[in-house]
Amino acid sequence: MKWFPSLLLMGALSMGACQGQSAESSSTATPEAAASFQNVQVSGAQGMIGTGEHVLIDVRTPGEFAEAHIDGAAMIDINGADFEAGIAALDKSKSYVVICRSGGRSARASQYMIDHGFQKVTNVEGGMNAWLASGYPAVSGQ
């Protein structure tokens, strides 16, 4: 039974290790690893898009894009074979607002962009579902 407390301690340590380590607490983290995109509600996104200072990227499928999209959005399907090439062709010095249907794919795309050297990337929380629910305008067709 002398070994029982040691066994408990080892189990607790291994469980903590499985939960991962944030970039801030990692001693090997680089500034790039700590970089992240920003999140914004649709009202904030609408204001950003209206200024003309941001490029709007829609990362949904062509079918989803055809159903409804924000006028002026560039479609780069995150699940498409040309996603990486489409992102690589963008100007890294510009500011981007990224949207999908509900915010998950756009968050992944936003992080991909940050990981590849983009500095100003904003994800739209709730995506097109929230955009349309808020009554903001959208167009249909390609």
### Message
Can you pull out every salt bridge (Lys or Arg N to Asp or Glu O under 4.0 Å) where at least one residue sits in residues 42-59? Sequence neighbours excluded, please.
### Response
D58-R60

### Query
What residues, two or more places apart in sequence or in another chain, satisfy side chain to side chain donor-acceptor pair (under 3.5 Å) together with Q38?
none

### Message
To the nearest 0.5 Å, what is the distance between CG on L56 and OG on S95?
### Response
12.5 Å

### Task
Give the cluster check for I87 versus M75: same hydrophobic cluster or not, with ILVMFWY residues linked at side-chain heavy-atom distances below 4.5 Å.
no

### Message
Tell me which one of V124, N129, V59 satisfies side-chain contact (heavy atoms from CB on, under 4.5 Å) with C100.
### Response
V59

### Message
Taking salt bridge (Lys or Arg N to Asp or Glu O under 4.0 Å) as the definition, give me every residue that meets it alongside E64, ordered by chain and number, with sequence neighbours left out.
### Response
R101, R105

### Query
Can you list every pair that meets side chain to side chain donor-acceptor pair (under 3.5 Å) and has a residue in residues 73-90, with sequence neighbours left out?
none

### Query
Quick one: does I70's side chain get under 4.5 Å of I49's, heavy atoms only?
yes

### Task
Could you name each residue pair satisfying ring-ring contact (aromatic ring centres under 6.0 Å, His included) that touches residues 74-120, not counting sequence neighbours?
F83-Y112, Y96-F118, Y112-H116

#### Entry: All side chain to side chain donor-acceptor pair (under 3.5 Å) counterparts of N39, not counting sequence neighbours
N123

#### Entry: Considering all heavy atoms, the nearest P137-W131 contact
O-NE1, 2.8 Å

### Summary
Nearest heavy-atom contact between A45 and V40 is N-CG2, 3.7 Å

### Message
Holding to side-chain contact (heavy atoms from CB on, under 4.5 Å), I want the full list of residues that pass it with A74, two or more places apart in sequence or in another chain.
### Response
I57

## Note on the structure
Shortest non-hydrogen pair, M48 vs H54, comes out as O-CD2, 3.1 Å

### For S134, all residues meeting side-chain contact (heavy atoms from CB on, under 4.5 Å), sequence neighbours excluded
V42, Y136

### Message
Looking at every heavy atom in both V98 and A109, which two are closest together, and how far apart are they?
### Response
CG1-CB, 4.1 Å

### Query
Can you find a pair of side-chain heavy atoms, one from D115 and one from Q111, that are under 4.5 Å apart?
yes

### Summary
Hits for ring pair (Phe, Tyr, Trp, His ring centres under 6.0 Å) against H69, two or more places apart or cross-chain, chain-then-number order -> F65

### Message
Taking side chain to side chain donor-acceptor pair (under 3.5 Å) as the definition, give me every residue that meets it alongside D91, ordered by chain and number, with sequence neighbours left out.
### Response
S93

